[in-house]
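Per chain, numbering begins at 1; letters A, B, ... match sequence-line order.
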Amino acid sequence: MKRIKILHLSDADAPMDKVLVKGWVRTRRDSKGFSFIEVNDGSCLKNIQVIADENLSNYEEINKISTGSAVSIEGKLVASKGGGQKWEIQAEGVDIISLAPESYPLQKKRHTDEFLRTIAHLRPRTNKYGAAFRIRSELSYAIHRFFRDRGFRYIHTPIITGSDCEGAGDMFRVTTLNMDHVPVADGKADYAEDFFGKEAKLTVSGQLEAEMFALALGDVYTFGPTFRAENSNTRRHAAEFWMVEPEMAFCDLDGNMDLGEELIKELLRFVMKECKSDIELFARFVDKQLLGILENIVASDFVRIPYTAAVEILSESNKKFEFPVKYGSDLQSEHEWYLTEEHFNRPVIVYNYPKEIKPFYMRVNDDDATVGAMDVLVPSIGEIIGGSQREERYDILEGRMKETGLPKEEYWWYLESREFGSVPHSGFGLGFERLMMLVTGINNIRDVIPFPRTPKNIEF
RNA sequence: UCCCCAGUAGCUCAGUUGGCAGAGCAGAUGGCUGUUAACCAUCGGGUCCGCGGUUCGAGUCCGUGCUGGGGAGCCA
C-alpha cells in the first residue's frame, strides 16, 4: 500500500476507508481506553491526529511512543469527534519504525532561535523551520518560473574561479596543496604546483560569466551559491549564500530597475498565494505585521531617486545621524534605513552613484561623475538588490580597470566581449536569503538557510 | 575587526544589599480524562560558561578568556 501525505488528508473532502501514513510523532496524549497520537510528515504544517485504541495488539508498545519517534499508521480517515480538526485517523495498525529516547531535544513548547541553531540538524522538524524551508523551496521554483515566463535562460556559472578579484569582498581559496608543506618559489607559495596551475578561489558572483551569455542568448540568469570570506558578524550576512543574478542584453538601467521591481513583487505574490498556511504561521508568531508589509510592497510603486536626491533628502531631514551625510561617500546603513523605513516607508531604488565608490564594470554616465548603479532597499532588510548597467564601451572599460588597478591580462576575455559586437546590457544580484527574510519576517539570515556558514561556524 | 548586552537544571527563565540554588516546561512513577501547549499528585535532576582575583563568605563584585545575541564596517 502506498503512503499518503498528510497534506492530502487535511484537505480531503470525504472519509477514506484505508490510508497509510508515515511520519514523526509530535506529541501523544492518553485517554481512557485509547491514545491520541499527533503525527507530522513534513508535507505541510498540519499534524494528523491518530486514535490508537487499546484493542490494538501492540497497545503496550504504543503507550511508550515518545515525541520524535517515527511511526507508520494504517487506518480509516474519519470525521473527528473532537473539536480542533476536521479529520482524524482511526488506527487499525500502528507500527513503530523507531523510538526517540527521552533525550530528544525538541519539546512541544517554544524554543529560542539561538538554541535551535545549535541543533540545526533537527530544527526542520519544528513547525517554524519546516514552514520556512517549504517556503524556501517554493520561492526557488517561483524564481525559475518568473524567468522562464519571460524567456530568460538559466546559466550555470562556475563556482571555482581563477579571476583574482571579481570586485566584491575577500575570497575563499581553493587548493590541493599540502598546507603543512606548501611548495615555495621565490619565497612565496608556488601555485604552479597547485591543481589549476594558478591561484583559484570560490566565486563571489557569477556576473562576469553571465554577461558573456547575455551577449549570446539575450536574457539569462544564474541562481546558485556564492561565497564571501568577509569577517561579517551581522544578522544579514553569511559566508555562503544564494544569489539570483539576471543579465539582459539591450537593456538600460531603467529596464533593469523595472525587472527588479517586478521580480520582487511577483515572488511575494506567488508565496502569499501558494504558501498561504506556512506564511500565516509567520504572520501569527514571528511578525504580526507581516501580511501588511508584504501587501504594501506588492501594491506600491518603488520610489526611484538618484543618489544626489537621496543625499539631499538626508541632509534636509533634520535627523541626527551618527555619520554625516556627504556627497561622494557611500550611504551608511542608517541612511538607507531612514529612506526606506521612515521617509518613504516602502521600497526605494537609489541609482546613479558617484563612480569613485562603485566597481569598474558599471557604466559611466554622460556627466562622467556617476555610474549607472542601482540599489533596491526594502524596510527591515535593507539592501536586497544591487545592480547596474554594465560598461559596454571598450576604451572606457579599459580606462576604469586601469583606474581601479585591475590587471588587464586577467580579464582579457571580459574585455574581448566589448570588442566583438558589444551592446548595452544590464543586470543585478538579488540576495535570496534576504528575500527569504523579507517573506517570512525571520530577522536572522542564519535561520533561513539550512546549515548556515558564518565566521567561526561550520558545524553540520 | 570595533562598540554594547548576555551566559544559572535537558529547555525557558527568576535569584533582592555579597550570606543554605529556585520556578514553569520536559523526564520518570501513579491517577483522571474525546484529548489537542491536556490536567492532578509524587520523584529525580546543577562544573551558576572557563581561569584568576577581592572577601570570613562570590551565582552576585573586579580582571581575563570563550560562546551567543544586537549594532557598525564589508555587501546580497
**Item:** Presence of donor-acceptor pair under 3.5 Å, side chain of A/S232 and base of B/C74
**Value:** yes
**Strand-adjacent residues in residues 235-245 of chain A, judged by heavy atoms under 4.0 Å from RNA chain B** =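 The answer is A/R235, A/R236, A/H237, A/A238, A/F241, A/M243.
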**Asked** Which ones in residues 42-65 of chain A lie close to RNA chain B, meaning a heavy atom under 4.0 Å from one of its atoms?
**Response**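 Per residue number, the list reads A/Q49, A/I51.
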Let me know the distance between [atom1] of [X] and [atom2] of [N], rounded to the nearest Å.
{"X": "A/M437", "N": "B/G70", "atom1": "CE", "atom2": "C1'", "value": "13 Å"}
{"X": "A/E383", "N": "B/A76", "atom1": "CD", "atom2": "P", "value": "5 Å"}
{"X": "A/R284", "N": "B/A37", "atom1": "CZ", "atom2": "P", "value": "11 Å"}
{"X": "A/E322", "N": "B/C2", "atom1": "CD", "atom2": "P", "value": "17 Å"}
{"X": "A/E459", "N": "B/G68", "atom1": "CD", "atom2": "P", "value": "11 Å"}
{"X": "A/D30", "N": "B/U29", "atom1": "CG", "atom2": "C1'", "value": "13 Å"}
{"X": "A/R117", "N": "B/U67", "atom1": "CZ", "atom2": "P", "value": "16 Å"}
{"X": "A/R26", "N": "B/A37", "atom1": "CZ", "atom2": "C1'", "value": "13 Å"}

Classify the angle between the aromatic ring planes of [X] and [Y] as parallel (below 30°), tilted (30 to 60°) or perpendicular (above 60°).
{"X": "A/F321", "Y": "A/H335", "result": "perpendicular"}
{"X": "A/Y141", "Y": "A/F270", "result": "tilted"}
{"X": "A/F227", "Y": "A/F172", "result": "perpendicular"}
{"X": "A/F360", "Y": "A/Y414", "result": "perpendicular"}
{"X": "A/F147", "Y": "A/F152", "result": "tilted"}
{"X": "A/H156", "Y": "A/Y154", "result": "perpendicular"}

**Asked** Among side-chain atoms of A/R28 and A/S35, is any donor-acceptor pair under 3.5 angstrom?
**Response** yes
**Request:** Could you verify whether a donor N or O on one side chain and an acceptor N or O on the other, from A/H425 and A/E392, lie under 3.5 Å apart?
**Result:** no
Counter-base of [N], judged by Watson-Crick or G-U geometry with both distances under 3.5 Å:
{"N": "B/G73", "answer": "none"}
{"N": "B/U35", "answer": "none"}
{"N": "B/C43", "answer": "B/G27"}
{"N": "B/C61", "answer": "B/G53"}
{"N": "B/A9", "answer": "none"}

Classify the nucleic acid contact of [X] as base, sugar-phosphate or nothing, counting any heavy atom under 4.0 Å across all strands shown.
{"X": "A/G431", "result": "sugar-phosphate"}
{"X": "A/E38", "result": "base"}
{"X": "A/I445", "result": "base"}
{"X": "A/R446", "result": "sugar-phosphate"}
{"X": "A/E88", "result": "base"}
{"X": "A/F34", "result": "base"}

**Request:** Flag yes if more than 12 heavy atoms outside A/K22 fall under 6.0 Å of its NZ atom; otherwise flag no.
**Result:** no
**Message:** If you count heavy atoms of other groups shown closer than 6.0 angstrom to CZ of A/R29, is the number above 12?
**Reply:** yes
When the [atom1] atoms of [M] and [N] are compared, how many Å lie between them, rounded to an integer?
{"N": "B/A72", "M": "B/G27", "atom1": "P", "result": "41 Å"}
{"N": "B/U54", "M": "B/C62", "atom1": "P", "result": "15 Å"}
{"N": "B/C2", "M": "B/U17", "atom1": "C1'", "result": "36 Å"}
{"N": "B/G7", "M": "B/G50", "atom1": "C1'", "result": "12 Å"}
{"N": "B/C39", "M": "B/G46", "atom1": "P", "result": "26 Å"}
{"N": "B/U33", "M": "B/C49", "atom1": "P", "result": "45 Å"}
{"N": "B/G22", "M": "B/A9", "atom1": "P", "result": "14 Å"}

**Prompt:** How about A/F223 and A/F432: are their ring centres within less than 6.0 Å of each other?
**Reply:**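 Ring centres of A/F432 and A/F223 closer than 6.0 Å.
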**Prompt:** How about A/H121 and A/F451: are their ring centres within less than 6.0 Å of each other?
**Reply:**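 Aromatic pair excluded; centres sit 6.0 Å or further apart.
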**Item:** Where at least one partner belongs to residues 449-460 of chain A, residue pairs that pass side chain to side chain donor-acceptor pair (under 3.5 Å), sequence neighbours excluded
**Value:**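 Not a single pair qualifies under side chain to side chain donor-acceptor pair (under 3.5 Å).
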OP1 or OP2 of [N] less than 4.0 angstrom from a side-chain nitrogen or oxygen of [X], does that happen here?
{"X": "A/N233", "N": "B/C74", "result": "no"}
{"X": "A/T234", "N": "B/C75", "result": "no"}
{"X": "A/Q332", "N": "B/G73", "result": "yes"}
{"X": "A/S31", "N": "B/G34", "result": "yes"}
{"X": "A/R434", "N": "B/A76", "result": "no"}

**Request:** Let me know, please, whether A/T67 or A/Q85 comes out on the 5' side of the other along RNA chain B by nearest nucleotide.
**Result:**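 Residue closer to the 5' terminus by nearest nucleotide: A/T67.
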**Item:** 5′-ward residue of the pair A/G429/A/N443 relative to RNA chain B
**Value:**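 Nearest nucleotide further toward 5': that of A/N443.
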Expected list for residues 91-106 of chain A: side-chain donor-acceptor pairs under 3.5 angstrom, two or more places apart:
| residue | atom | partner | partner atom | Å |
| --- | --- | --- | --- | --- |
| A/E92 | OE1 | A/K18 | NZ | 3.2 |
| A/E92 | OE2 | A/K76 | NZ | 3.0 |

**Item:** A/V244, A/V376, A/L263 screened by side chain to side chain contact (heavy atoms under 4.5 Å, CB included) with A/F428, the one that passes
**Value:** A/L263
So, are [X] and [Y] salt-bridged, with charged N and O less than 4.0 Å apart?
{"X": "A/K128", "Y": "A/D113", "value": "yes"}
{"X": "A/R123", "Y": "A/D447", "value": "yes"}
{"X": "A/E334", "Y": "A/K319", "value": "no"}

Tabulated below should be each protein N or O lying under 3.5 Å from an N or O of nucleotides 10-13 of chain B; please produce it.
| residue | atom | partner | partner atom | Å |
| --- | --- | --- | --- | --- |
| B/G10 | N2 | A/Q107 | OE1 | 3.2 |
| B/G10 | N2 | A/Q107 | NE2 | 2.7 |
| B/G10 | N3 | A/Q107 | NE2 | 3.4 |
| B/C11 | O2' | A/H111 | ND1 | 3.1 |
| B/C11 | O2 | A/K109 | NZ | 2.8 |
| B/U12 | OP1 | A/T112 | OG1 | 2.7 |
| B/U12 | O4' | A/K109 | NZ | 3.3 |

Give me, pair by pair, the N or O atoms of the protein and of nucleotides 42-51 of chain B that are less than 3.5 Å apart, along with how far apart they are.
none

**Fill in**
Checking B/C75, B/U33, B/G70 against the side chain of A/N444 (C-beta onward), the nearest is B/G70
**Prompt:** Choosing from B/G34, B/U1, B/G27, which nucleotide comes nearest the side chain of A/E102?
**Reply:** B/G27
